Structures are given as structure tokens and as C-alpha cells.
Novice: 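Below is one structure. I have some questions about it.
Not measured: the values here are computed from a predicted model. Letters go in sequence order (proteins before strands), and every chain restarts at 1.
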Protein chains: 2
Amino acid sequence: MSDFQPVQRSSVSVAVFEQIAARIVDGTLPADAALPSERVLTEEFGVNRQALREALQRLDQLGLVEIRHGGATRVRDFRTASGLDLLPRLFLGADGSLDAVVVRSVMEMRTTIGADAAAHAARRAPAEVVRGLRGLLAELDEGPDDVGRMAELDVAFWDLVVEGSGNVCYRLSLNVLRRSYRQVASLVDLLMLGERRDLAAHRELVAGIETGDPERARAAAVALLEQGHTAVLAHLSEE
Amino acid sequence: MSDFQPVQRSSVSVAVFEQIAARIVDGTLPADAALPSERVLTEEFGVNRQALREALQRLDQLGLVEIRHGGATRVRDFRTASGLDLLPRLFLGADGSLDAVVVRSVMEMRTTIGADAAAHAARRAPAEVVRGLRGLLAELDEGPDDVGRMAELDVAFWDLVVEGSGNVCYRLSLNVLRRSYRQVASLVDLLMLGERRDLAAHRELVAGIETGDPERARAAAVALLEQGHTAVLAHLSEE
DNA sequence: ACACGTCAAGTGGTCAGACCAGTTGATGTA
DNA sequence: TACATCAACTGGTCTGACCACTTGACGTGT
């Protein structure tokens with residue numbers, strides 16, 4: 001059984017970006033600190049200036065540094081300067097361990113937004129989305145034993161709920177949340193198994209949407225999401 | 001009374017980035033379309049390749065394009081590929097008009113997250129945050145007539161609530177939401193005036209946090225946030 | 001002693017042109 | 001038909017030069 005991992009090739013500029021981003025996020029490069037000049041960084045990383053600058057542009061785009069023509073490039077306080085897109089980088093510590101506070105935050109946001117999306121879907125979901133949800137219920141009913149397949153269905157299910165909610169913010173946030181816990185996919189797939197298997201709650205959620213009953217949909221969503229939520233919290237406190 | 005606006009100088013690479021981003025967001029460059037090669041774009045924009053590449057790196061970082069070594073750079077579907085950081089770019093259409101769906105989404109997310117943050121702040125806010133909130137209440141009590149000052153206090157107030165909630169996701173999301181409606185700050189300041197002036201609701205929210213009563217804090221937050229929410233919705237339907 | 005131009009040295013921004021490294025698809029072969 | 005091959009793309013990296021802006025030290029005047 002070959003257990004090789006695909007080699008992750010990455011461009012020089014991205015590699016530089018990753019290194020600096022990691023140092024900012026873990027506090028090695030504190031907020032307001034001035035980065036060395038591009039010429040100096042160029043030598044330290046052993047790359048050329050173009051690659052280095054591409055990395056800096058990315059950092060700026062993420063809100064991690066502030067570049068000023070003529071002045072020094074400074075580290076920003078990402079807690080006030082960055083957007084949600086930074087989240088996946090806060091999830092894992094330098095040693096690969098989970099950051100408990102971040103994980104808790106993610107789970108809370110998932111529950112809150114998921115519930116609200118369900119409620120709005122009950123108000124606004126177009127027939128097409130409802131049809132899709134019914135189709136997924138049928139597939140869930142088959143009881144797929146494959147954990148991976150289960151995860152796929154779960155993704156598709158919530159995609160439709162959020163789609164039905166007609167809320168762009170929720171749609172974009174969902175992308176980020178997924179990117180976050182995809183980093184520990186195998187663990188998540190295990191912890192979420194109970195939630196994903198709860199056919200009754202899924203049915204109830206879809207019923208709430210079908211009948212246009214926001215509070216029913218919301219309650220079902222909460223019931224569903226809190227299962228994974230508590231499972232994750234339990235897992236965290238075990239360590 | 002000089003009414004000059006600060007000239008917004010921007011680097012060539014950022015200008016290129018803005019142009020392409022706008023075209024992707026407004027659909028002129030549809031998802032999956034292949035961008036012209038860098039050499040060609042270089043000529044069309046009349047800039048050098050380094051500047052162009054910096055723009056492309058930013059676009060990639062935002063999830064708007066996918067760059068592949070050797071292959072073409074393609075436009076991605078930002079609805080599934082981008083994170084919340086894209087939001088400020090969806091807010092205004094090409095002609096400067098507000099996108100009603102996006103505005104509604106922002107207000108919904110604000111209400112939902114604000115309420116949940118208040119609830120969690122009631123559970124977890126450290127004494128320091130509570131002190132800060134009390135201080136702000138005192139300032140609000142003075143009844144500042146300046147709209148700008150009012151806006152400042154409002155920002156500080158919710159900063160503390162979210163800080164007290166101990167939720168990183170909410171903190172980062174708040175940054176993005178603010179960046180979004182800062183684009184129409186003068187309008188927002190007007191529509192939010194009622195909400196921001198509601199001293200009683202602010203007091204009630206802080207009381208809920210002080211006494212560690214999540215549901216009380218949540219209810220007060222909802223009461224507060226729904227004022228601006230409905231004001232904005234009313235404004236949208238007027239047009 | 002202080003306030004204020006001046007200016008050199010440092011910073012990031014842009015440019016040019018070359019070459020490396022992957023991808024793609026047509027082409028010719030088995 | 002299936003499959004290697006290869007030329008002509010694509011993006012990635014490098015060099016070195018020069019432009020534009022900021023900073024702070026310095027000297028001049030008050």
C-alpha cells in the first residue's frame with residue numbers, strides 16, 4: 001500500500017509569501033514592525049526581487065502588511081486589518097496543532113450562519129433549490145456508508161441551503177469556513193459523522209424550507225449543527 | 001469652504017488589478033474564461049510584465065483567477081472560490097449604484113453576527129471590556145450631536161462587543177462588513193442615526209453583558225440592529 | 001535656541017530583455 | 001487506433017537599470 005503524498009510544488013513567490021505570513025500570524029513579526037527592505041529580503045530568501053514583490057503584494061492583499069511607496073513595509077495588526085479570508089491560516093499553529101479558540105469560533109459561526117441561512121431559505125428558496133434538497137434527501141436515505149461520500153453530500157446539502165437563502169455574505173463565508181476545516185478533513189469527517197447521519201433532522205430542515213416556515217427550518221438547522229458543534233468541543237477538551 | 005477630495009494615487013499594478021477585478025465581478029469576464037496571455041495583457045494595459053504579474057497575484061489571492069504554470073490563467077467562479085474579503089467589491093455596481101441583494105445580505109449578516117456576538121460576550125467578556133463599554137455608554141449619554149462622532153462611538157462600541165465575544169471569525173468578518181459600507185459612509189451614517197441614538201437599547205445590551213445574561217444581551221442587540229436593518233431596507237425599496 | 005528649507009540616502013515602483021519550466025495540441029510513427 | 005515526440009505556446013524566475021517617494025540629517029536663517 002503506497003501511502004505517498006502528492007508533492008506540493010509551489011512557486012518561489014508563494015513559498016516566500018507563506019513564510020512571511022506564518023511569521024506574522026504566529027507573532028514572530030509583531031504588528032507595526034518594519035520589514036527589512038526588499039533588497040535585503042531578496043538576499044535572505046535567496047530569490048529575486050520580482051518574486052519577493054509578488055509575495056509582498058499577496059500579503060498586502062490579505063491585510064497582513066502595509067506597503068508604502070518610499071517608506072518601509074510594515075506589519076499590520078491582522079485582527080483589525082484582515083478579513084475573514086485569513087481564517088484558514090489561523091486554524092493551525094506552527095507545530096500543526098489546532099488553535100482551540102479559533103476552532104470554537106469557527107463552530108460558532110457555522111452554527112449561527114447555518115441557522116440563519118436555513119431560516120431565510122424558508123422565505124426565499126426557489127423551487128429549483130427545493131428540488132435539489134429533496135434529491136439529496138433521497139440519496140441520504142440510501143445510507144451511504146462511505147465517509148467520503150457522506151462528506152460530499154453534506155457539502156452539497158449546505159450549498160443548496162445557503163444558495164436558497166439568497167445571502168451573498170453567507171455564501172462567501174461558507175467558502176472560507178470550508179477552506180478552514182478542510183485542513184483537518186479526516187478528523188472533521190469523523191466528528192461530524194453523527195450530524196451527517198441524522199436523516200430525521202435533515203428531513204425536518206427541508207420540510208421547514210418547503211413549507212416556508214422559517215422558524216421550523218431554523219430550529220432544525222440548529223439541532224443539526226449543534227451535534228457537530230458539541231462533538232468538536234468535546235474533542236477539544238479531551239486534549 | 002474648500003471641498004477638495006484627496007487625490008487617490010495608485011500604483012500601476014493596483015490599477016490593473018482593479019480593472020480586471022471589476023470586469024470579473026460584473027460578469028464581463030465570465031467564469032472559466034481564459035485571460036489573454038501575460039505578454040498580450042502587458043501590451044493592452046501598456047504596462048510592464050512585472051506590474052501585470054503583481055496584479056494577477058492579487059487576483060489569485062482574492063480567488064478571482066486561477067494561475068497555472070504553463071497553462072492559461074482562467075477566471076474562477078467567485079461565488080464558490082472567493083472568500084468574504086471580496087464583499088466590498090460586490091457592494092457597488094459599475095455605475096456606482098448599490099446592489100440591493102448584496103446590501104440586504106450585509107444587513108442580515110450584521111444582525112445575525114452582532115446578536116450572537118452579544119450573547120457570547122455576556123458569557124465571556126473580560127472585566128476590561130465591560131469597563132470599556134460602560135465608558136462608551138457615558139460618552140453616548142453626553143449626546144454628541146456630531147454625526148461623525150456618533151459613527152466613531154458606534155464603531156468603538158461594536159469593537160468591544162465583538163472583542164468580548166472572543167470569537168475570531170466575528171472579529172474578522174466585522175472588518176469586512178465595515179469596509180463594505182464605508183464606501184457609502186455618509187448615507188449609512190444617516191440611516192443608522194436612529195439606531196445609534198437609541199441609548200436605552202445600548203444600556204440594555206451592556207446590562208445583559210454585565211450580568212452575564214446571554215439572552216438578554218442578544219435580545220437587546222437584535223432590537224438595536226434591526227433598527228438600522230429596517231431603515232436600510234426601507235431606503236432600498238424607495239428607489 | 002529654534003524653525004525651516006535643502007538635499008542625500010534610503011525605500012518602494014516600474015521598466016527592459018533574457019532565459020527557465022511547465023502545458024498543450026498537432027504530428028508522425030508503431 | 002494508440003501512443004511517443006516535439007514545437008509553440010503558457011506562466012515562472014532572473015538580472016540590472018532607472019524612476020518616484022519618504023525620511024532624517026544638516027545647514028541656514030531668524
Side-chain angles (χ1 to χ4, degrees), chain A residues 4-21 23-24 29-77 81, chain B residues 4-21 23-24 29-77 81:
Chain A
F4 296 130
Q5 297 297 314
V7 172
Q8 96 270 45
R9 281 157 297 193
S10 96
S11 66
V12 173
S13 73
V14 169
V16 170
F17 162 78
E18 300 281 359
Q19 271 199 53
I20 302 181
R23 294 235 182 165
I24 293 176
L29 286 170
D32 229 53
L35 253 54
S37 78
E38 296 182 354
R39 271 90 171 173
V40 171
L41 285 174
T42 276
E43 287 188 16
E44 290 190 10
F45 283 107
V47 305
N48 99 29
R49 200 162 155 221
Q50 162 136 354
L52 180 77
R53 280 183 58 80
E54 287 176 7
L56 292 178
Q57 302 291 323
R58 287 189 114 101
L59 290 167
D60 181 279
Q61 187 63 34
L62 242 190
L64 290 178
V65 305
E66 180 182 11
I67 306 176
R68 281 177 44 212
H69 188 177
T73 295
R74 309 195 88 89
V75 176
R76 304 182 72 175
D77 176 5
Chain B
F4 296 131
Q5 296 296 316
V7 172
Q8 93 270 44
R9 283 156 297 196
S10 102
S11 66
V12 172
S13 71
V14 170
V16 170
F17 162 77
E18 301 282 0
Q19 273 199 52
I20 302 180
R23 295 234 181 165
I24 294 176
L29 286 171
D32 229 53
L35 253 53
S37 77
E38 295 182 355
R39 272 89 169 174
V40 171
L41 286 174
T42 274
E43 286 187 18
E44 290 191 10
F45 283 107
V47 304
N48 149 315
R49 196 159 161 223
Q50 162 135 350
L52 179 78
R53 280 183 58 81
E54 287 176 8
L56 291 178
Q57 300 292 322
R58 286 188 116 101
L59 290 167
D60 181 281
Q61 188 62 36
L62 242 190
L64 289 179
V65 305
E66 180 181 13
I67 305 176
R68 280 176 47 211
H69 189 180
T73 295
R74 310 194 87 89
V75 176
R76 306 182 69 175
D77 176 6

Novice: Less than 3.5 Å between a donor and an acceptor, one on the side chain of B:His69 and one on the base of C:dG22, is that the case here?
Specialist: no
Novice: Could you check how far CG of A:Leu35 sits from C1' of C:dG10, rounded to whole Å?
Specialist: 16 Å
Novice: Please name the pair of heavy atoms, one in B:Ser13 and one in B:Ala51, separated by the smallest distance, quoted to 0.1 Å.
Specialist: CB-O, 3.3 Å
Novice: Can you work out whether A:Ser11 or A:Gly70 has the more 5'-proximal nearest nucleotide on DNA chain D?
Specialist: A:Ser11
Novice: Counting only pairs under 3.5 Å, give me each side-chain donor-acceptor contact of residues 32-40 of chain A, with atom names and distances, residues two or more places apart or in other chains.
Specialist:
from	atom 1	to	atom 2	distance (Å)
A:Ser37	OG	A:Val40	N	3.4
A:Glu38	OE1	A:Arg49	NE	2.9
A:Glu38	OE1	A:Arg49	NH2	3.0
A:Glu38	OE1	A:Arg53	NH1	3.4
A:Glu38	OE2	A:Arg53	NH1	3.0

Novice: Determine the minimum heavy-atom distance between A:Ala81 and A:Arg76, stating which atoms define it.
Specialist: CB-NE, 3.6 Å
Novice: Listed in order of residue number, which residues of residues 40-67 of chain A have a non-hydrogen atom at under 4.0 Å from DNA chain C?
Specialist: A:Arg49, A:Arg53, A:Ile67
Novice: Do A:Gln57 and A:Gln61 have a side chain donor and acceptor closer than 3.5 Å?
Specialist: no
Novice: Report yes if at least one side-chain N or O of A:Thr73 is closer than 4.0 Å to OP1 or OP2 of C:dT11; otherwise report no.
Specialist: no
Novice: To the nearest 0.5 Å, what is the distance between OG1 on A:Thr73 and CD1 on A:Ile67?
Specialist: 5.0 Å
Novice: State whether the distance check finds a donor on one side and an acceptor on the other, under 3.5 Å, for side chain A:Arg39 versus base C:dG12.
Specialist: yes
Novice: Count the heavy atoms of every other residue, nucleotide or ligand shown that sit under 6.0 Å from CZ of B:Arg74, and state whether that count exceeds 12.
Specialist: yes
Novice: If you look at every strand shown and take non-hydrogen atoms under 4.0 Å, does B:Arg68 touch a base, only sugar-phosphate, or nothing?
Specialist: sugar-phosphate
Novice: On DNA chain D, reading 5' to 3', which nucleotide is the first and which the last to sit with an atom under 4.0 Å from a heavy atom of chain B, could you check?
Specialist: D:dT10 to D:dT13
Novice: Other residues, nucleotides and ligands only: do more than 12 of their heavy atoms fall within 6.0 Å of CD on B:Glu43?
Specialist: no
Novice: Working to the nearest 0.5 Å, report the span between CG of B:Leu64 and CG of B:Asp77.
Specialist: 10.5 Å
